[in-house]
Amino acid sequence: MAFWLFKSEPFKWSFEQQKACGADGTEWSGVRNYQARNFMRAMVLGERGFFYHSNEGKAVVGIVEVCGLAHPDSTADDPRWECVDIRAVMDLPNPVALDVCKSEPRLKDMVLVTNSRLSVQPVGEAEFAAICEMGGLDVAAAAGTGKR
DNA sequence: GCCAACGTTGGC
DNA sequence: GCCAACGTTGGC
């Protein structure tokens with residue numbers, strides 16, 4: 001199981017809007033970057049990730065789950081662009097801000113910290129756990145591996 | 001609003 | 001295939 005991070009400017013698409021889509025989720029459309037696309041191609045159903053608000057907010061605000069494998073992006077006129085579908089799972093009780101991530105030793109190698117421009121990125125298991133802990137979430141619950 | 005970092009494009 | 005020019009992203 002891998003973990004991911006999806007970045008969005010809240011004015012364009014916020015976690016509130018994501019939650020409003022419910023369990024069906026939505027296309028994570030609009031990605032026009034090969035690295036980001038390749039990460040989406042590697043995603044598996046049920047994998048979890050963070051929802052990060054860039055620009056305004058600059059914080060990890062929620063947990064999402066991959067609910068549709070990579071497919072052509074309906075908003076692209078070029079079929080080489082693909083995206084997955086994701087749905088909101090839960091909020092982080094305490095959003096974890098970027099500057100907090102930057103000053104957290106366990107997150108010093110996190111892609112969010114080292115390459116702020118990548119809009120879809122992998123998250124290490126330890127990084128996932130650290131942010132859940134800092135955000136006030138039970139790691140197993142956030143990862144979807146705990147008891148329900 | 002500025003600018004640094006990064007990616008992409010296109011001329012050669 | 002290199003590299004300069006350009007566009008975009010996103011932190012500050």
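Note that the structure is predicted; figures quoted are calculated from it, not measured. By convention in this document, chain letters (A, B, ...) are assigned in the order of the sequence lines, proteins followed by strands, and residues within each chain are numbered from 1.
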**Q** For A:Gln35 and B:dA5, what is the distance between atoms CD and P respectively, to the nearest whole Å?
**A**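 In whole Å, B:dA5 P lies 17 Å from A:Gln35 CD.
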**Q** From CZ of A:Phe6 over to C1' of C:dT9, roughly how many Å is that when rounded to an integer?
**A**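 Spelled out: CZ on A:Phe6 to C1' on C:dT9 is 18 Å.
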**Q** Output the rounded distance in Å from CG (A:Leu112) to P (B:dA5).
**A**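 In whole Å, B:dA5 P and A:Leu112 CG are 17 Å from each other.
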**Q** Between atom CZ in A:Arg117 and atom P in C:dG7, what is the gap in whole Å?
**A**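 Answer to the nearest Å: 14 Å.
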**Q** Closer than 4.0 angstrom, basic N to acidic O: yes or no for A:Lys19 and A:Asp91?
**A**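 Looking at A:Asp91 together with A:Lys19, the answer is yes, because their closest N to O distance falls below 4.0 Å.
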**Q** Tell me: NZ of A:Lys58 to P of C:dT9, nearest whole Å?
**A**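 Atom NZ in A:Lys58 sits about 17 Å away from atom P in C:dT9.
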**Q** Does the separation of the ring centres of A:Trp28 and A:Phe51 fall below 6.0 angstrom?
**A**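 That pair passes the under 6.0 Å test.
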**Q** Looking only at side chains, do A:Arg117 and A:Ser54 share a donor and an acceptor under 3.5 Å apart?
**A**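 There is no such pair between these side chains.
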**Q** Whole-Å distance between B:dT8 P and A:Leu118 CG?
**A**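 After rounding, the reported distance stands at 11 Å.
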**Q** Between A:Tyr34 and B:dT9, is there a side-chain N or O to OP1/OP2 distance below 4.0 Å?
**A**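 For B:dT9, OP1/OP2 do not have a side-chain N/O of A:Tyr34 under 4.0 Å.
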**Q** A:Leu112 and side-chain contact (heavy atoms from CB on, under 4.5 Å): which partner among A:Glu127, A:Lys102, A:Gln121?
**A**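 Considering A:Glu127, A:Lys102, A:Gln121, a side-chain contact (heavy atoms from CB on, under 4.5 Å) with A:Leu112 is found only for A:Gln121.
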**Q** Name the nucleic acid region contacted by A:Lys12, choosing base, sugar-phosphate or nothing; use a 4.0 angstrom heavy-atom cut-off, strictly under.
**A**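 Touches nothing.
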**Q** Closest-nucleotide mapping onto DNA chain B: is A:Asn55 or A:Arg80 further toward the 5' terminus? I mean the 5' end.
**A**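 With A:Asn55 and A:Arg80 compared, the 5'-side residue is A:Asn55.
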**Q** So, OP1 or OP2 of C:dC12: does either fall under 4.0 Å of a side-chain N or O from A:Lys102?
**A**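 True: A:Lys102 side-chain N/O within range (under 4.0 Å) of C:dC12 OP1/OP2.
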**Q** Using OP1 and OP2 only, check whether a side-chain N or O of A:Lys7 sits under 4.0 Å from C:dG10.
**A**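 For A:Lys7, the contact criterion (side-chain N or O under 4.0 Å from OP1 or OP2 of C:dG10) is met.
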**Q** A:Asn115 has a side chain; which of C:dC12, C:dG10, B:dG7 sits nearest to it?
**A**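 The answer is B:dG7, which lies nearest to the side chain.
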**Q** Round to a whole Å and report the spacing from NE2 of A:His53 to P of C:dG10.
**A**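 Distance, rounded to whole Å: 13 Å.
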**Q** Run the ring-centre check on A:Phe3 versus A:Phe50 and record whether the distance is less than 6.0 Å.
**A**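 A:Phe3 vs A:Phe50: aromatic centres not under 6.0 Å.
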**Q** Would you kindly give the OH-to-C1' distance between A:Tyr52 and C:dG10, to the nearest whole Å?
**A**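 Answer to the nearest Å: 8 Å.
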